[in-house]
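For reference, the structure discussed in these notes is given below.
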Amino acid sequence: MNAAPILEPLNEAQRQAVTAPAHEPALVLAGAGSGKTRVLVHRIAWLCAVEGVSPFGILAVTFTNKAAAEMRGRTEALLGLPPGGMWVGTFHGIAHRLLRIHWQEAGLPETFQILDSDDQLRLIRRTLRALELDEKQWVPRQVQWFINARKDEGLRPADIQDTGDYAQQQLVRIYAAYEQACRQGGLVDFAELLLRTLELLRDRPGLLDRYRRRFRHVLVDEFQDTNTLQYAWLKLLSGGEVPVFAVGDDDQSIYGWRGARVEHIQAFTRDFPDCRVYRLEQNYRSTATILQAANHLIQFNQGRMGKSLWTQGEDGPPIQCYRAYNERDEARFVVERIRQLLAEGGLRRADIAVLYRSNAQSRLFEERLMAEGVPYRVYGGLRFFERLEVKDALAYLRLSVNRHDDASFERVVNQPTRGIGERTLQVVREVARERGLSLWAAAGLLLDEGRLAARAGNALRRFLDLIQAMATAREGLALFEQVARVIEMSGLEAHYAKEGEAGRTRIENLEELVNAARGFNFDPQIHGEMSDVDAFLAHAALESGEGQGGRWDDCVQLMTLHAAKGLEFPVVFITGLEEGLFPNARSLEEPGRLEEERRLCYVGLTRARHRLILSHAESRRIYGRDHITEPSRFLAELPQELIQDLRPAVQLRPVRHAASRRGAGPMHESGGEFRVGERVRHRGFGEGVIVDCEGQGASARVQVRFEQAGAKWLVLQYAGLERVG
DNA sequence: GGTGACAGTGTTTTT
DNA sequence: CACTGTCACC
């Protein structure tokens, strides 16, 4: 086949990487905006079209479903046909697929279900209760973290060295009990998907051999994000025979806190001998100004692989930096600037992103955007399949498929309430534990033996009958009808209908769940022999349901810096650049984490194509208290000559009185005669600057940051402030 | 079994 | 401040 369409769109460095020797491992260090995905896609095309590799022999791994979908789509577009037989997916998705095929060898029940982190946490809580451990002392979240961290290291309870440490012994005990609970319910959590697969391949040389012969090429995206287990997995699968083509950027490693190890990038060149390293440094995204700033910042990190982005593009506008008085002023500025930019034309709202370090910061921007009538969309937060009502409905579905799924049983047994109280459940749990039965089986046993009081017994009986009836009702129906039927029978809608406004959204989400089921594609390549309900349930656990519900209009984009990774926008705001917030206070303790914060900042800067606007506030209210802040060190680490400082416009002339300014704009911009930014003098506190105003008339208050006395809220009427200068 | 008062807590997040 | 979870009480 003609190689021209594959190679022509590439620059020299990209071409080198794409045409790397087919039998050798390769590490591609791809800077931000340097065409990382393009290289991966073209590499696949190159292998198939020129090296004669069958798509059947290709395994491409990513971290997110979105990245996997993009890679698949672009490969198809380039090759001009769906590359049948090629495996493209997330680590978890691929592990899941292998376990579905080899459930028997992996020691799993055929209908094993996937636990998402919320399910996992609930199961841990139940385990703690079963062990009669105090949740105050054994914090479920920490236990969850412990278990997942051990699994990510490839450790089973038996593999963990007894150091004689009591706390650790207990944690290992809980881990073991949790594993037991998973086994009994046929449940597999996210880390387990990976660990099981690793063990499956490791302990069955025949199987491993088969897959090594099948997958002639393994490609990995975002390699810097691999954790220990994922890396072990790649090494095992390769066995030094199958060449691995890894693409990553050590400067964009921002997930160390959840187990990713950047060091794998360095390790790669050792563990995969004869590996060649390719560097992609030409950036096609940002202006020279933005790149210069990003390069300058990242140089403050030690131990980088070393890479410096460049562009042939223009300098572009200077980076602007606004020093706000407080967080509200910051939000005001950002939204005003957004309106200006939109008014200038040539930009859609969706071209603008507001980035922040923590989700809590979004609220101010939301309020302000809402007040100004600018449509926006917040990324992150609860995803569709994580919503309470959706999970409830799915739990009914799960339970009707697998009655021994204790997690689902617990979840819905009394949701909506049907008179099965804590006392009754206590008895059921106890019997289950004593006899080694599932909750379902224990409940049935109790009823058969007539060991429950009439009222509780009847309620429980009705619940068991309901689930039974759901299973029967589902027979012969299409997937979406089954989902609709289960929701209907569950009584959830009626339950939420009583909750008013909040309940309405929940009911809408339940309807959306039926839509999701209707739109679900059963892919025999992935789902194999599974029933469509099982496949849908797995899909719901593995795909958080991004894009489900919620309309896609032209909206200003609000998200955390983490969520922005991999995206790009013509205009980017990076907000809250303050010590303690960004870099975050908790990462200041260890130097390694500070470097990760810096990389996070680097990721943020390199999201911007044309215009980059930074901001920080001199005072910020956190948990209801005002704090005076220092500008982020990252600001000082940018080349100052590229930055244009924007000062808030200080209004010197007295503004309208409170009484006359009705409808003249948001209240807090003006506090009667005074305005944010003005210098004032107070008899007792001395001189300071007004940093905030609220209320009007007799209740009008201003916040003044005094040079000596710090920040104070003063009621204008009594404070007797004098304007200075 | 549902309501209201209180204490405790508070990065980043995909699968 | 704003949210969660727990506890007492109706």
Side-chain angles (χ1 to χ4, degrees), chain A residues 61-68 89-97 114-121 125 135-136 139-141 144-145 148 151-152 188-195 197 221-222 225-227 229-230 253-260 327 355-364 379-383 385-386 388 414-424 455-456 459 495 498-499 538-546 559-566 576 580-589 593 596-597 599-601 603-604 620-627:
Chain A
V61 208
T62 64
F63 278 82
T64 65
N65 290 305
K66 204 168 133 200
T90 63
F91 276 100
H92 295 265
I94 285 161
H96 174 237
R97 197 163 158 183
I114 301 169
L115 285 182
D116 69 19
S117 12
D118 184 58
D119 299 329
Q120 185 187 32
L121 191 64
R125 286 217 177 92
E135 291 193 11
K136 292 259 150 44
V139 184
R141 286 214 168 278
Q144 182 180 31
W145 186 86
N148 288 338
K151 287 193 182 186
D152 283 347
V188 173
D189 63 43
F190 288 136
E192 185 73 26
L193 284 172
L194 301 177
L195 182 51
T197 310
D221 190 16
E222 303 281 16
D225 288 338
T226 48
N227 67 25
L229 194 49
Q230 289 157 338
S253 160
I254 55 175
Y255 285 113
W257 52 275
R258 68 173 197 217
E327 75 286 347
L355 309 184
Y356 36 79
R357 177 63 235 267
S358 78
N359 283 308
Q361 289 167 255
S362 75
R363 228 199 58 217
L364 269 322
Y379 285 76
L382 265 198
R383 265 167 289 273
F385 285 118
E386 288 169 0
L388 200 83
N414 204 30
Q415 171 71 13
T417 47
R418 47 171 70 86
I420 302 172
E422 201 43 42
R423 291 286 304 275
T424 313
R455 197 163 133 183
H495 173 69
K498 281 186 283 186
E499 280 182 9
H539 165 84
L542 284 172
E543 305 234 1
S544 44
E546 198 67 72
M559 67 189 86
T560 63
L561 286 139
H562 282 91
K565 189 173 147 204
L581 185 62
F582 188 30
N584 192 274
R586 288 162 99 132
S587 30
L588 295 176
E589 291 148 25
R593 313 229 10 217
E596 185 157 307
E597 294 282 305
R599 291 194 291 268
L600 187 57
C601 187
V603 166
R620 182 173 295 271
R621 186 172 287 194
I622 300 167
Y623 307 142
R625 298 183 81 95
D626 287 307
H627 299 269

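The shown structure was predicted, so the numbers you read here are calculated from the model rather than taken from an experiment. Because only heavy atoms are used, hydrogens play no part in the values below, and waters and symmetry mates are left out as well, while side chains stay in. Each chain gets a letter, A, B and so on, in the order the sequences are listed, and its residues count up from 1.
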Whole angstrom value for the distance that separates P of B/dT11 from CZ of A/R258: 16 Å
Where do A/T197 and A/A95 come nearest, in terms of heavy atoms and distance? OG1-CB, 3.2 Å
Aromatic rings A/H562 and A/Y255: how do their planes relate, parallel, tilted or perpendicular, breaks at 30° and 60°? tilted
Under 4.0 Å, heavy atoms only, any strand: does A/R357 hit a base, just the sugar-phosphate, or nothing? base
What nucleotide among B/dT15, B/dT11, B/dT12 has an atom nearest to a side-chain atom of A/W257? B/dT12
Base, sugar-phosphate or nothing for A/I94? Non-hydrogen atoms, less than 4.0 Å. nothing
Would you mind classifying the nucleic acid contact of A/Y623 as base, sugar-phosphate or nothing, using non-hydrogen atoms under 4.0 angstrom? base
Taking for A/R593 and for A/A541 the nucleotide of DNA chain B with the nearest heavy atom, the one nearer the 5' end belongs to A/R593
If the glycosidic angle sits within 90 degrees of zero it is syn, else anti. Tell me which applies to B/dT12. anti
Any A/R383 side-chain N or O less than 4.0 Å from OP1/OP2 of B/dT14: yes
Just call it for A/E597: base, sugar-phosphate, or nothing, with non-hydrogen atoms closer than 4.0 Å on any strand. base
Side-chain atoms of A/T417 come closest, of B/dT12, B/dT11, B/dG1, to B/dG1
Side-chain heavy-atom pair A/H539, A/H96 within 4.5 angstrom cut-off: no
Atom-pair distance (CG on A/D119; C1' on B/dT15), nearest Å: 13 Å
Given that A/S587 and A/N414 both sit by DNA chain B, which one's nearest nucleotide is further toward the 5' end? A/N414
Using a 4.0 Å heavy-atom cut-off across all strands, classify A/R418 as base, sugar-phosphate, or nothing. nothing
Using a cut-off of 4.0 Å on non-hydrogen atoms, how would the nucleic acid contact of A/N359 be classed: base, sugar-phosphate, or nothing? sugar-phosphate
Determine the contact category for A/N65: base if any of its heavy atoms lies under 4.0 Å from a base atom, sugar-phosphate if only primed atoms, P, OP1 or OP2 are that close, otherwise nothing. sugar-phosphate
Taking A/N414 for the side chain and A/I420 for the main chain, is one N or O donor matched with an acceptor at less than 3.5 Å? yes
If you go through the side-chain atoms of A/S117, does one of them form a donor-acceptor pair with the base of B/dT15 closer than 3.5 Å? yes
Rounded to the nearest angstrom, tell me the gap between atom CG in A/D189 and atom P in B/dT14. 17 Å
Let's see if you can work this out: which of B/dT12, B/dT13, B/dT15 has an atom nearest to the side-chain heavy atoms of A/A563? B/dT13
